[in-house]
Amino acid sequence: MSFVDLQLDQELLHALAEHEFTQPTAIQQQAIPPLLEGHDVLASAPTGTGKTLAFVLPALQHILDTPRQEVGTPKVLILSPTRELARQAYDQVEQLGAHNHLKSCLIVGGVPFGMQKAMVAETIDVLVATPGRLIEIEEHMALDLSQVTVFVIDEADRMLDMGFIPQVRSVVSRTPKKECRQTLLFSATFTPAIIELAQRWAVDPIMVEIEPAQAASHRVDQPSLPHM
């Protein structure tokens, strides 16, 4: 399978080629097709196997397939447990969405609060954030998450381990009902707690699991993203 086989927008394919993403990894091959079909997905794969691209690509395709949103109302919300992981997801959104002029925003701690308030007041297609800072922004300016149609919880197992589930639960309550949004949970491992969260927040999620041995045997080197 190649990225061309996924029937993505030509501008996305151009961005993939431009950044030397030539062939999908195992997690990308198995997760992207059901996501493009609109299914909720619970996916597990070892770190470094391309999980970020596996949810960023279908999320961007979803935006291109639907009408543009109103000012300040993101269509895609990506929650990551740390600033570093949020930055990684944001960088990939920026790289792959550049040719489509998609508007993305990164909301994390360590950045002046006023600057971030100004950013979320503008048109946003993709909002990438850490849970605590997102709730802080929302409480100060009533950030509208009612139009989120793709909700990604990145590294769900780390969210759980770091004690962020109450904040994630608060964010979930600000988005549309689970029947009205596509929910993606990505994790390095499956645990009973992660599966329980998926059952609570997603609708009949398709489970995709890449074992370490499978990831190694099907792994295709992809360029690492620069950390800014």
Side-chain angles (χ1 to χ4, degrees), residues 15 51-64 66 68-98 100-176 178 180-187 197 201-202 225-228:
K51 292 195 296 290
T52 303
L53 186 65
F55 61 73
V56 166
L57 264 180
L60 296 183
Q61 185 63 55
H62 171 78
I63 293 172
L64 297 175
T66 51
R68 193 65 177 265
Q69 286 300 110
E70 300 175 0
V71 172
T73 55
K75 182 171 293 183
V76 172
L77 172 60
I78 300 172
L79 282 188
S80 295
T82 67
R83 284 182 289 178
E84 293 74 19
L85 287 168
R87 167 62 70 177
Q88 178 179 316
Y90 174 77
D91 287 346
Q92 200 144 85
V93 169
E94 284 282 281
Q95 287 185 342
L96 299 182
N100 298 100
H101 306 291
L102 300 178
K103 302 294 184 180
S104 55
C105 180
L106 178 65
I107 301 297
V108 296
V111 178
F113 190 78
M115 180 186 300
Q116 294 186 333
K117 285 180 65 176
M119 291 167 61
V120 298
E122 300 177 356
T123 299
I124 305 171
D125 296 304
V126 182
L127 177 58
V128 184
T130 50
R133 177 48 69 97
L134 181 61
I135 291 173
E136 188 179 7
I137 290 284
E138 197 277 338
E139 289 176 345
H140 278 79
M141 60 179 298
L143 174 64
D144 185 3
L145 299 178
S146 66
Q147 301 302 311
V148 169
T149 49
V150 175
F151 181 32
V152 182
I153 301 174
D154 183 21
E155 299 291 349
D157 52 341
R158 291 188 64 181
M159 290 280 197
L160 189 66
D161 292 342
M162 296 171 73
F164 291 153
I165 295 304
Q167 291 95 322
V168 176
R169 187 180 298 115
S170 180
V171 173
V172 171
S173 71
R174 291 161 162 81
T175 67
K178 64 181 181 180
C180 301
R181 66 171 193 261
Q182 185 181 22
T183 303
L184 296 59
L185 287 90
F186 277 71
S187 176
L197 290 177
W201 292 334
L225 292 171
H227 291 282
M228 300 172 61

Out of [options], which residue meets the side-chain contact (heavy atoms from CB on, under 4.5 Å) rule with [X]?
{"X": "F151", "options": "L185, L145, L184, V171", "value": "V171"}
{"X": "I78", "options": "F186, Y90, F55", "value": "F55"}
{"X": "S187", "options": "L197, D157, I153", "value": "D157"}

Find out whether [X] and [Y] are in side-chain contact, i.e. whether some heavy atom of one side chain is under 4.5 Å from a heavy atom of the other.
{"X": "E94", "Y": "L106", "answer": "no"}
{"X": "L77", "Y": "R181", "answer": "no"}
{"X": "L134", "Y": "L143", "answer": "yes"}
{"X": "S80", "Y": "Q88", "answer": "no"}
{"X": "V108", "Y": "R87", "answer": "no"}
{"X": "V150", "Y": "I63", "answer": "no"}
{"X": "F164", "Y": "M159", "answer": "yes"}

Distance from [X] atom [atom1] to [Y] atom [atom2], nearest 0.5 Å?
{"X": "T73", "Y": "D144", "atom1": "OG1", "atom2": "CG", "answer": "6.0 Å"}
{"X": "Q182", "Y": "H62", "atom1": "CD", "atom2": "NE2", "answer": "7.0 Å"}
{"X": "R83", "Y": "R133", "atom1": "CZ", "atom2": "CZ", "answer": "9.0 Å"}
{"X": "I107", "Y": "I137", "atom1": "CD1", "atom2": "CD1", "answer": "5.0 Å"}

Open item on the list: Is it the case that the side chain of N100 and the backbone of L102 share a donor-acceptor pair, with hydrogens and angles ignored and the cut-off at 3.5 Å?
Closed with: no
Practice task
Please check if any side-chain donor atom of R169 sits under 3.5 Å from a side-chain acceptor atom of S173, or the reverse.
Solution key: no
Closest non-hydrogen contact found for T123 with K103 is O-CB, 3.5 Å
